[in-house]
*Asks:* 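One structure, as structure tokens, below. Some questions next.
Residue numbering restarts at 1 for every chain, and letters A, B, ... go by the order of the sequence lines.
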Amino acid sequence: MDRRTLLKSALALGLLGPTRLLAGDAATGDAATARSVEELPALQGKLTVYLGRGEGGLYDTLVTAIRKRNPKLDLQVRRGPSASLANTLVAEHQAGVQRADLFWSIDSSSLGLVADQGMTHPLPETIRARIRDPFQYRHWAAVSGRIRSVPYNPRRVSADQLPDDIMAFADSDLKIGWAPAYGAFQSFVTAMRLLEGEQRTRQWLLGVKPHATSYAGEFGVVMAVERGEVDVGFANHYYTLRLKQGMPDASVQLAFTDDDAGCLVNASGVALLSDNPAAVGFVRYLLTREVQEYLATQAFELPMVRGVAMPAGLPPMNRIDPPEVELTRLADLRPTLALMRETGVL
Amino acid sequence: MIFRRISWWLSGLIAAVVLSPIAVLCALGLGADLDFGGSLPRILGNTLALAALTMVGAVLLGVPLALVTRYASLPGQRFWVALLCAPLAVPSYLGAFAFFAAFGPGGEMTALTGIATPSVQGLAGATLVMTLYTFPFVLLSTRAALAGLDASVVDAARTLGMSLPMALLRVVLPRARNGIAAGALLVALYTLSDFGTPAIMRLDTFTRVIYVEYNAFGLGQAALLSLQLLGLVALVLLLEARTRTPRERPGRPLSLHLSPAVKVLSLLAAVAIGLAALALPVAVFTLWLLRDGFTGFDPSYLLNSVYASLLAAAGTVLLALPVALAASAGRSGRLFERIAYLGFGLPGIVLGTALVYIGLQLEFLYQTLALLVIAYMIRFLPLAVGAVRAPLARNGRDLSGAARSLGASPLEAFRRVSLPLSLPGIVAGAALVFLEAMRELPATLLLRPTGFETVGTYLWRVYDAGYFGRGAVPGLLLMLVSGLAVMLMIAGEERLAHRSTR
């Protein structure tokens with residue numbers, strides 16, 4: 001019996017509280033929930049952060065706020081695509097050059113690459129204890145999360161017409177929108193490859209392709225669903241919530257598959273690269289209640305610290321059942337790309 | 001003679017610097033497996049098809065327009081030339097992005113007018129965009145070649161009973177053939193190394209796949225693919241080396257009397273190009289500007305861009321002089337020049353990565369503005385060499401020889417003859433490098449000092465996050481500043497043409 005089945009049966013027997021992935025708040029005391037910014041000491045000294053993908057103004061607002069609160073902190077931010085910063089960090093490590101104190105990345109596979117090189121310093125236990133189970137990694141702290149979701153247009157299909165198995169979409173006659181060139185989609189296919197194997201993933205890609213329309217990004221997918229160009233799409237959950245924020249009557253709803261790559265939870269995070277005390281302090285800031293609430297309410301991302309409420313518009317988290325995939329294994333992207341090229345999807 | 005010798009040494013040194021990133025690529029690519037699931041032929045096919053179709057498109061647009069703007073007297077001649085060169089001021093990725101956003105289901109065009117338009121993407125879309133934004137190279141090179149032709153030859157053909165179109169086809173164009181070829185090959189080089197357009201149009205060319213591999217942590221594969229792309233570039237350079245504008249004795253300038261219908265047709269074509277290449281992106285960005293306002297853009301980004309690009313322009317022209325001088329002197333100089341041209345075929349992300357490795361060995365350079373400027377210089381040196389060489393090749397050597405025989409010292413001959421002669425070329429070359437450095441993105445992201453934001457890096461940031469509206473201000477600014485540089489370039493071209501027809 002694997003852990004998942006064990007947990008499920010324990011849950012059924014009423015032995016455990018709500019143990020689903022993102023709901024694990026109840027068991028822990030105050031000590032391990034979010035702290036307020038007010039409780040943190042001011043940061044000082046020089047701190048260099050490599051920030052992989054900025055999510056536009058949102059992370060910039062955080063950086064500006066942290067700068068403002070810590071006038072003695074000389075904060076240098078280097079922005080770039082996550083993978084290229086990860087490649088740069090590896091090159092720096094090989095040459096014995098140390099420039100960055102922190103690597104803050106939207107992409108867990110980039111963090112995995114850096115961690116694999118043995119460049120990271122382990123996080124203090126007090127930080128790890130604040131983070132939701134099962135995202136308590138040794139080498140990086142999860143900051144925010146996103147779920148793979150199936151946005152659908154309720155005027156074209158009803159929720160009960162949607163399969164709850166991602167693999168079943170290949171055999172459906174639904175018109176599907178997807179964004180194969182998009183990083184989040186490729187991570188999702190990687191997860192499918194790890195969970196279902198190469199052969200089934202190939203069949204799935206070939207099965208969906210004839211009734212799929214490609215878009216450049218996943219916000220585009222969600223907009224196409226809303227306009228009714230397609231019935232359903234595959235996208236990160238927050239694009240739908242962001243669209244609905246600007247357009248409350250938008251004709252798009254969120255559905256989730258059950259315990260498969262279709263509802264993978266991926267995380268952004270931060271890794272310590274030096275023993276600069278300001279670096280640990282910076283991580284603590286990212287995990288404060290204020291920052292986590294900001295990410296949840298403004299960016300509709302999943303807060304990763306216990307005790308912070310999930311963004312509005314999502315079903316209760318104990319109804320979502322993501323698969324278990326070690327996120328850093330998603331760095332194994334090349335076989336996925338080969339598969340997508342071979343099937344003519346990319 | 002001392003100048004030639006110094007130039008030769010400098011030129012060799014520059015060639016070595018250009019070769020160093022290629023050496024890094026070889027080291028990175030060593031041992032990487034090149035398993036692309038059999039898609040390598042497809043990638044090669046796409047790359048070649050895009051380059052070939054864009055060349056054809058650019059020649060079809062550029063040559064007739066060059067003939068008309070050079071030989072026929074049009075009302076507002078200068079305006080039309082400027083309008084036709086203006087697409088150079090629009091980075092092709094901005095153009096591609098505007099086309100992508102404007103057309104297709106859910107595009108701005110449909111949103112505004114309700115008319116359904118087909119989406120612009122794939123090979124056709126990429127060819128359309130690349131043609132629109134690169135044909136001015138053919139236009140300029142053809143105009144330059146046409147400027148040197150003697151009208152008497154055409155008159156002779158006409159008196160012998162040849163019709164005007166036949167005379168153009170059989171007498172004029174063959175003489176401009178090399179100029180046309182040079183422009184078309186420049187277009188091919190541009191297309192081979194352009195990353196943004198194939199990425200936005202979703203066409204798997206070498207540059208796009210290199211980028212995808214790089215982001216999938218396949219550094220070795222990206223390096224191997226880059227080396228293959230370099231092979232293609234080297235091939236184009238070999239072809240380009242064979243096309244040299246033959247020098248003709250300047251004669252009476254030719255002027256054609258075109259029927260009003262042909263004139264109107266040409267002007268309509270120019271207007272259509274202006275609408276597609278300029279008005280469309282400006283309209284899309286203005287629309288977004290009105291929708292999202294001026295949020296988030298810091299003027300210091302523009303200052304940073306201009307500063308780095310000015311340094312790059314000045315530095316590149318300084319390097320281009322010895323390379324151009326050496327190239328007009330002898331075989332090994334010509335070889336160095338060809339090597340210097342290779343930099344143009346290195347996609348920015350590859351050059352950037354290679355320079356990260358080199359920078360890490362010379363740590364005082366790593367993440368400094370100097371290394372960024374060096375990257376720009378390596379990448380855009382060919383543009384400056386090309387521009388500087390044209391006037392030197394035309395008349396530099398004979399005249400400076402004459403000056404020497406009249407007793408001028410080498411320094412004096414250089415200062416009083418060679419330098420003034422090449423000045424228009426220097427200005428045009430500097431403007432071109434400035435233009436390209438302003439819009440360069442992938443190498444800038446990798447090499448800039450930490451915290452150094454440019455217009456380009458800001459554009460990337462907002463595009464990446466899906467805040468397209470915030471791209472409006474930097475997008476428009478980039479076009480505006482580039483427009484100024486293009487005006488400088490055209491001024492240089494006109495002075496040059498003027499001198500050679502005099």
*Asks:* Measure A:S109 against the heavy atoms of chain B and call it side chain, backbone, both or neither at under 4.5 Å.
*Replies:* both

*Asks:* Does the side chain of B:T353 reach to within under 4.5 Å of the side chain of A:N87, using non-hydrogen atoms?
*Replies:*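 Of all side-chain heavy-atom pairs linking A:N87 with B:T353, none is under 4.5 Å.
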
*Asks:* Looking at CZ of B:R42 and CZ of A:R341, how far apart are the two atoms once the value is rounded to the nearest 0.5 Å?
*Replies:* 7.5 Å

*Asks:* Given heavy-atom pairs under 4.5 angstrom as the criterion, report whether the side chain, backbone, both or neither of B:L447 touches chain A.
*Replies:*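 Backbone of B:L447 only, per the 4.5 Å heavy-atom cut-off to chain A.
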
*Asks:* Who are the side-chain hydrogen bond (donor to acceptor under 3.5 Å, both in side chains) partners of A:T240, not counting sequence neighbours?
*Replies:* none

*Asks:* Between A:Q186 and chain B, with a heavy-atom cut-off of 4.5 Å, which part of the residue counts as in contact: side chain, backbone, both or neither?
*Replies:*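 Neither; nothing under 4.5 Å.
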
*Asks:* Would you check if B:L445 and A:S84 make a side-chain contact, meaning some heavy-atom pair closer than 4.5 Å?
*Replies:*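 Side chain of B:L445 against side chain of A:S84, heavy atoms only: no contact under 4.5 Å found.
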
*Asks:* What pairs meet the side chain to side chain donor-acceptor pair (under 3.5 Å) rule with one or both residues in residues 111-120 of chain A, with sequence neighbours excluded?
*Replies:* A:T120-A:H139

*Asks:* With a 4.5 angstrom heavy-atom cut-off, which part of A:S110 approaches chain B: side chain, backbone, both or neither?
*Replies:* both

*Asks:* If I measure from the heavy atoms of chain A, does B:R208 come under 4.5 Å with its side chain, its backbone, both, or neither?
*Replies:* side chain

*Asks:* If we only count heavy atoms from C-beta on, is the B:L446 to A:T88 side-chain gap below 4.5 Å?
*Replies:* yes

*Asks:* At a heavy-atom separation under 4.5 Å, does A:A86 approach chain B through its side chain, its backbone, both, or neither?
*Replies:* side chain

